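We name chains A, B, ... by the order of the sequence lines, and we start the count at 1 in each one. Everything numeric in this text was worked out from a predicted model, so none of it was measured.
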There are 2 protein chains.
Amino acid sequence: MTESHGPGFSLCNNATLRRAGRSLGRFYDDMLAPSGLKGTQFGLLFQIDVSDEPTMGAIAEALIMDLSALGHTLKPLIRDGFVETFTDRDDRRVRRVRLTPEGKVKLEEAIKLWSMAQQRFEAVVGKERAAQLRAALDEIAALDFDTPTAAPSD
Amino acid sequence: MTESHGPGFSLCNNATLRRAGRSLGRFYDDMLAPSGLKGTQFGLLFQIDVSDEPTMGAIAEALIMDLSALGHTLKPLIRDGFVETFTDRDDRRVRRVRLTPEGKVKLEEAIKLWSMAQQRFEAVVGKERAAQLRAALDEIAALDFDTPTAAPSD
DNA sequence: TCCAATTAGTGGCATATGCCACCTTCGCCG
DNA sequence: CGGCGAAGGTGGCATATGCCACTAATTGGA
């Protein structure tokens, strides 16, 4: 098996994960399309909704996402009026985020579509397997290789 | 526990996958950094290398990636002289891709770094589990929900 | 109290991806 | 053999993400 890299075969954990991500992402994007939201945007709105006026940093941490990337991703949602930010009362450095009323409506709408996607996915993969897979992915996401590329002497 | 969405908890298969992808992507990117390549670029060079002067479409299909996205992603690699494209002899519509000598050298270099990343990853996750996970992800990537959003009466 | 180090975000730049519109080439058919 | 629809890419536009440099606000000392 020195080679024979069949269609979409790779030993690279990262490449395999990204590949699956593109594939699944398209599916969720397609299913959410009627709402006008992308899968990532849906996920972001959801995360904001289940949190209590979270700070940018808190969201970024929860989603394991770069803070600036979060800022960028948030922009279209703010522009479209689904989300708004405001300065924290006690610490003026901090900006908190919340859904606007329209954002809540949009999220409700999207959740219906998302549920269908979930159902279809789990109908094929199996509820059990899906849960196991999510658990495995959460575990991987939580791993902390501190990338001592050179020599982490201390 | 109707809620209590702990840090990074989500029932959404897509969100969980993306989240893990960001996390793992950073790890691989960090490990590959000395080569100047990103994880995606490495994966792309690798795919091209193991194929025989593949067509754009073939690569896109193998990576389950949009053809135009592939074209965009290829640009920096072409610009940096690691990859080159050429028109197919028999079908002038088709463009094939191959690594340049510098591209091959760069890939060799990157493979060393990648191997370390793989090793570290599998040292933590386990070789077995990693393989199982890749298999599961490949399976998901291969799924074909044809997105009958409305009603696939037939 | 005032400055240094830290913390939280923002903006710029670059890559990663997708969709859609458009252009070329091919292959097929009358 | 001329035109039409299909196949294969490219370019434009928009979002997704990351890193780095920089700004603003806090916090801890001296």
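- Distance A:E61 CD to C:dG9 P: 11 Å, rounded to the nearest Å.
- Rounded to an integer number of Å, the gap from A:M56 CE to D:dA25 P is 16 Å.
- Following chains of ILVMFWY side-chain contacts shorter than 4.5 Å, one can reach B:F42 starting from B:I78, so the two form part of one hydrophobic cluster.
- B:R26 places its CZ atom 11 Å from the P atom of D:dC20, with the value rounded to the nearest Å.
- The side chain of A:D30 lies closest to C:dC19 when the candidates are D:dC19, C:dC19, D:dT17.
- For A:S68, no side-chain nitrogen or oxygen approaches OP1 or OP2 of C:dT10 to under 4.0 Å.
- The backbone N or O of B:A62 lies less than 3.5 Å from a partner atom in the side chain of A:R19, making a donor-acceptor pair.
- When rounded to the nearest whole Å, the span between CG of B:L32 and P of D:dC19 equals 14 Å.
- Protein atom CD1 of B:I59 is 14 Å distant from nucleotide atom P of C:dT17, rounded to whole Å.
- If you take CG of B:L67 and P of D:dA7, they are 14 Å apart, rounded to a whole angstrom.
- Under a 3.5 Å cut-off, the side chain of B:T100 and the backbone N or O of B:G81 do form a donor-acceptor pair.
- Distances shorter than 4.0 Å separate some side-chain N or O of B:K75 from OP1 or OP2 on D:dG11.
- Distance CG (A:L74) to C1' (D:dG18): 16 Å, rounded to an integer number of Å.
- Between the A:D80 side chain and the A:F82 main chain, no donor and acceptor come within less than 3.5 Å of each other.
- Between the A:Q118 side chain and the B:L11 main chain, a donor and an acceptor come within less than 3.5 Å of each other.
- Contact between B:A130 and B:F121 at its shortest, heavy atoms only, is CB-CE2, 4.0 Å.
- Checking C:dT17, D:dC19, D:dA16 against every side-chain atom of B:A69, the shortest atom distance belongs to C:dT17.
- For the pair B:R22 CZ and D:dC19 C1', the interatomic distance rounds to 16 Å; values are reported in whole Å.
- Proximity of a side-chain donor or acceptor of B:R22 to a complementary backbone N or O of A:L63 within less than 3.5 Å is detected.
- A heavy atom closer than 4.0 Å to some atom of DNA chain D occurs in B:R93, B:V94, B:R95, these being the qualifying members of residues 77-110 of chain B.
- A donor-acceptor contact under 3.5 Å is not formed by the side chain of A:H72 with the base of C:dG11.
- Ranked by how close their nearest DNA chain D nucleotide is to the 5' end, A:T40 and B:T55 are led by B:T55.
- Residue contacts for B:G71: at a heavy-atom cut-off of 4.0 Å it reaches no nucleic acid atom on any strand shown.
- Looking at which nucleotide of DNA chain C each of B:Q41 and A:A58 is closest to, the 5′-most match is held by A:A58.
- Checking the phosphate oxygens (OP1, OP2) of C:dT17, a side-chain nitrogen or oxygen of A:R18 falls inside 4.0 Å.
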